[in-house]
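This report concerns only the one structure given below.
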Number of protein chains: 2
Amino acid sequence: MVRIKDIAKEANVSEGTVDRVLHNRGGVSKKTEAKVKKILESTNFSINPIASALAMKNKHHIAVLMPEYADADAFWKAPHLGVLKASEELKNIGINIVNFKFDQYDKQSYIESFQRSLKSKPSAVIFVPMFIEETKQMVEQMENETIDYLFLNVDVDGFRNKAFVGQNSYTAGYIAGKLMYLCAPKSLAFLTIQSRDSVRGNNAISNRITGFCNYFNSNNIKVELLNLKIEDLVATTKMQQTIQSFLTEHAGVGGVFVPSSRISTIVNSLNEQVVSSLQWVGFDNTPQNMECLKNGSVSFLISQKPFDQGYESVRIMVDFLLKNKMPESKIYLPIDILTKENVMYNDINQKLFEKEFEK
Amino acid sequence: MVRIKDIAKEANVSEGTVDRVLHNRGGVSKKTEAKVKKILESTNFSINPIASALAMKNKHHIAVLMPEYADADAFWKAPHLGVLKASEELKNIGINIVNFKFDQYDKQSYIESFQRSLKSKPSAVIFVPMFIEETKQMVEQMENETIDYLFLNVDVDGFRNKAFVGQNSYTAGYIAGKLMYLCAPKSLAFLTIQSRDSVRGNNAISNRITGFCNYFNSNNIKVELLNLKIEDLVATTKMQQTIQSFLTEHAGVGGVFVPSSRISTIVNSLNEQVVSSLQWVGFDNTPQNMECLKNGSVSFLISQKPFDQGYESVRIMVDFLLKNKMPESKIYLPIDILTKENVMYNDINQKLFEKEFEK
DNA sequence: TTAGTTTTCGTGTTCGCACACGCAAATATA
DNA sequence: TATATTTGCGTGTGCGAACACGAAAACTAA
């Protein structure tokens, strides 16, 4: 374990000098700075975060902005837990994570929650860039105050975010296509169900659909790819009727693809016979969706590892703040294929953490 | 933030005394101990783990015993890297991981490497219990010296290991069966190829085979399940011929299941036509196997997340040593389904770590 | 050359805790 | 009562890094 003291001795300078070059504090001649830097490189030195934290006394605040979650739509609970886990691990090294939530359908609450987060004077912000126009304003503010920021889950280009942590939606959709075709190879048609606002809003969903369709196109598979847009993917009789009648009209449909996290809402509100006569492929390991996998109504789920998204984004940001290292600008987490059989082993990290944290 | 110093002042004793009651070091009168304890309770004091770690400086050695790896059989490289990552993270809180390797086919080297590991006076040992009889002796020795131990990757019952970290082999095999049937539903037969010594030795492989077969049995799928035992799964013309002639004799075979990590060895040594006329399902994300996925010769791989096995086992053991907490006795990691399309996003943790660590 | 500046760097203290050392009071032994 | 032994507890140092303070060295200007 190399210490500052060791570097200092090696370079024939004092610890204070090494400290100065380490933190770009200035006041060091070019010559000695070069000398110290060379030794720092060659010894592969990195500061001991423990000792550093002790001496600094909680210097870094990181603000995390994510949509709030409800029981009915628990998707965002997992990233929250992942952030919490990272935060538990890191409070030991003087990193303080502050959470802010917003309503994912309300631009105003998005902005407000951001403004509140800035009041905590964060050194960095991790957030889900839900609304593009509003994000532009926020980013401008942060760049003025030289606050680093990282995009979580939703990828938007054209910003100087340190990185994006999430999934490659296109490929995930492509794999959904493959899985769909595997379960129902003889189908004449596949149906994609999305909510109306997902057409413009969250472009992850559009990318998944593009990927899904491209699986069939690029493999020259002749099937009809149908698309049904529902006003709102909530369990209402209206939704149920719309889907039901669509399916009777299009008898050739062998499987349904739901590119959002709402597959359980749909499956649970439909007639059991209808459900079991089709193959269902959807996204995200929410409790409700996993239940559908287990009881056999859904064939495959693709998980974007939301817990890990939360956890990793914090770890990656901290690594950047502490060591000024960023692995890549796009950090794509695995595309997890879940089935009835392996779903119980999915996300054990989250389960272990929840269990531990309850106490 | 309450400090030991604060407690001491409050109780009218010195910091040393508080320290003694905190660590049950003895040498404190009942009266003062009670007084201090009361204040500890009421202030909800907990020691600052940063400062504690700094002051303790290398109190725990953990020995890790794993098979060595070669380019041709790189499976064990990933757990090594996972251990290394954990070890990097933990070295600055005074945890020292020492690695020992052995030849997985040589009992003698297994024992020897264990004996060497004991010389480092570890507080705990994480190891792969390759040979049962030898493991019994080792365990006895550790229990005499009250060293905690944890099984990695290979699960053996009847020991007082703190936990097992690995995969549920039976279920993994069952899923392999499902995937096989999905890709080749019209097959009359499926073939399982294993090496002769895997019949007795590594029971993970037997469990995978049982799971594989049970998928067809419990779903009443009528196929013939064939089994071919090869002396040694190394790329030789003898192996190639044995398999080739077996396949010509059994023309109904629609897919081949390789329950070990050697699927690439087989696929690469066979005639290309033969390979592409069959569906191949295998285990483990070794570089060679992943290459076969990418070039299309293999349809599915199941990964047991070897990197995570190494990483998590260390983290879990450290949590136990530091906080005396063990989540469960069997810690089953996810059963990862890999395809051509998602394999590149597999194990990004390992990739990021390798990239970082090269420098 | 000398006084005044500025640049460059060494020293010392602090963070909260762990643990060794050793002194004093309490108790035991003669 | 004097001496030996045990028990209870205070003090001091170190862990590795951050940062303030001020001294020495290098320059500048007179």
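Proteins come first, then strands; the chains are lettered A, B, ... in the order of their sequence lines, and each starts at number 1.
Partners of A/Glu134 under the salt bridge (charged side-chain N to carboxylate O under 4.0 Å, His left out) rule, at least two apart in sequence or in another chain, do not exist in this structure. Partners of B/Ser117 under the side chain to side chain donor-acceptor pair (under 3.5 Å) rule, at least two apart in sequence or in another chain, do not exist in this structure. Scanning for ring-ring contact (aromatic ring centres under 6.0 Å, His included) contacts around A/Phe320 gives an empty result, with sequence neighbours left out. For A/Ser29, the side chain to side chain donor-acceptor pair (under 3.5 Å) test picks out A/Thr32, with sequence neighbours left out.
Taken over five-pair windows at either terminus, the axes of the helix from C/dT1-D/dA30 to C/dA30-D/dT1 are inclined to one another by 60° (rounded to 10 degrees).
In this structure, B/Phe151 CZ and B/Lys330 NZ are separated by 9.0 Å, a value rounded to the nearest 0.5 Å.
Pairs passing the salt bridge (Lys or Arg N to Asp or Glu O under 4.0 Å) check and including a residue from residues 305-322 of chain B, sequence neighbours excluded, read A/Glu89-B/Arg315, B/Glu89-B/Arg315, B/Lys305-B/Asp336, B/Asp319-B/Lys323. Listed by first then second residue, pairs satisfying salt bridge (Lys or Arg N to Asp or Glu O under 4.0 Å) with a partner in residues 6-17 of chain A read A/Arg3-A/Asp6, not counting sequence neighbours. Among residue pairs with one or both ends in residues 36-46 of chain A, those qualifying as salt bridge (Lys or Arg N to Asp or Glu O under 4.0 Å) are A/Glu33-A/Lys37; sequence neighbours excluded.
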Side-chain atoms of residues 19-27 of chain B: list all donor-acceptor pairs with protein atoms under 3.5 Å, sequence neighbours left out, distances to 0.1 Å.
residue: B/Asp19; atom: OD1; partner: B/His23; partner atom: ND1; Å: 3.4
residue: B/Asp19; atom: OD1; partner: B/Arg25; partner atom: NH2; Å: 3.3
residue: B/Asp19; atom: OD2; partner: B/Arg25; partner atom: NE; Å: 3.1
residue: B/Asp19; atom: OD2; partner: B/Arg25; partner atom: NH2; Å: 2.8
residue: B/His23; atom: ND1; partner: B/Asp19; partner atom: O; Å: 3.1

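For the segment residues 11-23 of chain A, the set of residues with a heavy atom within less than 4.0 Å of an atom of DNA chain D comprises A/Asp19, A/Arg20, A/His23, in numerical order. Near DNA chain C, meaning a heavy atom under 4.0 Å away, the residues from residues 24-34 of chain A are A/Gly27, A/Val28, A/Ser29, A/Thr32.
Considering all non-hydrogen atoms of both residues, A/Thr43 and A/Ile39 come closest at OG1-O, 2.7 Å.
One can place CZ of B/Arg3 at 9 Å from C1' of C/dC15, the figure rounded to the nearest angstrom.
A nucleotide of DNA chain D counts as in contact with chain B when one of its atoms lies under 4.0 Å from a heavy atom; the first and last such, 5' to 3', are D/dG8 to D/dG16.
Checked by atom type, the side-chain pair A/Tyr149/A/Glu143 shows a donor-acceptor distance below 3.5 Å. If you check the side chains of A/Gln304 and A/Asn153, you find a donor sitting under 3.5 Å from an acceptor.
Within 4.0 Å of B/Leu54, counting heavy atoms only, lies at least one base atom of the nucleic acid.
Salt-bridge formation is not detected for the pair B/Asp148/B/Arg160: no Lys NZ or Arg NE/NH1/NH2 atom is positioned less than 4.0 Å from an Asp or Glu carboxylate oxygen.
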